[in-house]
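Below you'll find the structure, written out as structure tokens, and then a few comments.
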Amino acid sequence: MRELAVILGIVISGLSIIKKWDAPLPLKRRDYFCILVSAFGMKIVMMTISMNESKSNKLLLHIIGGCLLFACVTDMAIYHVYNFTWWIAVTAAAIIFWRALLEVKVKTPEETIISLIVFMVIQINFFCKTYGKADGYAFCVCAVTEAARGMKMTGYLLHMVTAYTLLFLVQISYGNLNKRGNLKKPVPFLPYITISYLLIMVLEVIFKCKLNIK
């Protein structure tokens with residue numbers, strides 16, 4: 001329950017900050033129910049991802065999970081993500097990455113760092129113009145935690161491709177794509193970024209487990 005409390009705590013705190021300093025989000029009862037269910041799902045996935053991590057890293061990963069969930073909530077409600085969301089998330093991700101470097105969990109640190117920096121620069125300066133700064137920041141935060149697992153540019157790009165694939169499949173099922181493959185009506189991209197991130201991280205854990213078994 002502690003992990004669920006962390007995730008929900010991030011979301012509730014974020015909503016409280018918005019309510020105090022800005023207009024409250026137009027959320028209905030069913031939206032709060034969806035948040036609760038999503039938080040529970042996030043907890044299960046994050047526990048899977050962090051099962052071989054230290055207690056402090058588990059806490060940090062759940063904080064990142066809470067931030068991603070909160071970003072999805074605001075993006076879906078008002079098509080906007082507040083910057084303080086990423087301040088918290090990137091700090092937690094940076095600590096995880098720094099610890100991975102100190103504990104020599106990253107086999108090729110120089111190459112990993114260079115790949116991460118290049119990816120973040122490309123995100124902030126180029127890709128952000130395609131889908132928005134918040135989406136670019138989300139990819140950057142996810143990439144930092146992916147780098148802590150030893151992933152490099154291929155892993156970051158795979159995350160992007162997976163997110164776009166999910167977006168394409170869902171939107172084509174709703175008939176929201178025109179003949180050119182563009183969206184007829186804009187939709188929040190952060191839920192797809194978050195789901196694809198969780199999928200990539202779970203697959204990484206499963207792959208490493210199979211290698212250890214062999």
Side-chain angles (χ1 to χ4, degrees), residues 1-100 103 105 134-135 137-149 159 163 188-206 208-209:
M1 292 300 292
R2 184 188 305 174
E3 295 84 1
L4 182 61
V6 170
I7 295 170
L8 283 176
I10 294 289
V11 177
I12 294 171
S13 299
L15 293 176
S16 299
I17 292 172
I18 294 172
K19 185 177 181 179
K20 184 174 182 179
W21 299 105
D22 203 350
L25 297 186
L27 299 177
K28 301 178 181 179
R29 287 186 180 180
R30 64 180 182 182
D31 296 323
Y32 289 106
F33 176 75
C34 289
I35 291 173
L36 180 60
V37 173
S38 298
F40 187 75
M42 179 70 76
K43 171 203 168 185
I44 294 175
V45 177
M46 281 299 176
M47 287 182 67
T48 302
I49 293 171
S50 62
M51 61 181 180
N52 295 321
E53 297 285 347
S54 63
K55 289 184 178 180
S56 55
N57 275 3
K58 287 182 179 179
L59 174 62
L60 291 170
L61 282 168
H62 281 83
I63 289 174
I64 294 170
C67 290
L68 288 173
L69 178 57
F70 175 62
C72 290
V73 171
T74 60
D75 194 23
M76 294 181 72
I78 57 175
Y79 292 92
H80 178 72
V81 180
Y82 293 83
N83 285 334
F84 68 81
T85 309
W86 307 123
W87 300 341
I88 299 170
V90 76
T91 300
I95 294 173
I96 292 174
F97 182 56
W98 179 248
R99 285 179 175 174
E103 295 170 6
K105 291 183 178 180
D135 300 323
Y137 294 158
F139 275 122
C140 288
V141 168
C142 293
V144 176
T145 62
E146 290 163 355
R149 301 297 182 98
H159 178 195
F189 191 28
L190 259 165
Y192 299 96
I193 296 174
T194 300
I195 292 173
S196 59
Y197 165 69
L198 297 176
L199 179 61
I200 292 295
M201 294 291 275
V202 168
L203 289 175
E204 187 266 348
V205 171
I206 294 173
K208 282 189 175 180
C209 288

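Every value quoted in this text rests on a predicted model; they were computed, and no experiment measured them.
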What is the minimum heavy-atom distance between [X] and [Y], and which atoms define it?
X: L25; Y: A77; result: CD1-CB, 4.4 Å
X: A163; Y: F139; result: CB-CZ, 4.1 Å
X: A93; Y: V144; result: O-CG1, 3.3 Å

Any chance you could measure [X], atom [atom1], to [Y], atom [atom2], to the nearest 0.5 Å?
X: K43; Y: S38; atom1: NZ; atom2: OG; result: 14.5 Å
X: L68; Y: I193; atom1: CG; atom2: CD1; result: 9.0 Å
X: Y137; Y: C67; atom1: OH; atom2: SG; result: 15.5 Å
X: I96; Y: S54; atom1: CD1; atom2: OG; result: 8.5 Å
X: I95; Y: N57; atom1: CD1; atom2: CG; result: 9.0 Å

From CA spacing to verdict: side-chain contact (heavy atoms from CB on, under 4.5 Å), I35, L27: CA-CA 10 Å; I35 291 173; L27 299 177; 4.3 Å; yes
Side-chain heavy atoms of [X] within contact of [Y], under 4.5 Å:
X: Y197; Y: V141; value: no
X: I10; Y: I63; value: yes
X: E3; Y: S50; value: no
X: M42; Y: H62; value: no
X: I7; Y: F40; value: no
X: C142; Y: M201; value: no
X: D31; Y: M76; value: no
X: M46; Y: L198; value: yes

Step-by-step side-chain contact (heavy atoms from CB on, under 4.5 Å) determination, L69 to T194: CA-CA 8 Å; L69 178 57; T194 300; over 6 Å; no
H159 (side chain) donor-acceptor with L199 (main chain) under 3.5 angstrom: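 Not at all, since once roles are kept as given, no pair shorter than 3.5 Å links the two residues.
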Mutual orientation of the aromatic rings belonging to H80 and Y82 [parallel < 30°, tilted 30-60°, perpendicular > 60°]: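 Taking Y82 first and then H80, their aromatic rings stand perpendicular (interplane angle over 60°).
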Side chain to side chain contact (heavy atoms under 4.5 Å, CB included) involving K105 - partner list, sequence neighbours excluded: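 In terms of side chain to side chain contact (heavy atoms under 4.5 Å, CB included), with neighbours along the sequence ignored, K105 is linked to E53, A100, E103.
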Side chain to side chain contact (heavy atoms under 4.5 Å, CB included) partners for A71, two or more places apart: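 Partners of A71 by the side chain to side chain contact (heavy atoms under 4.5 Å, CB included) criterion, ordered by chain and then number, come out as V81, T85, W86, L190.
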Worked check of side-chain contact (heavy atoms from CB on, under 4.5 Å) between I18 and F70: CA-CA 11 Å; I18 294 172; F70 175 62; 3.5 Å; yes
Residue pair I49, R149: steps toward the side-chain contact (heavy atoms from CB on, under 4.5 Å) verdict: CA-CA 11 Å; I49 293 171; R149 301 297 182 98; 2.9 Å; yes
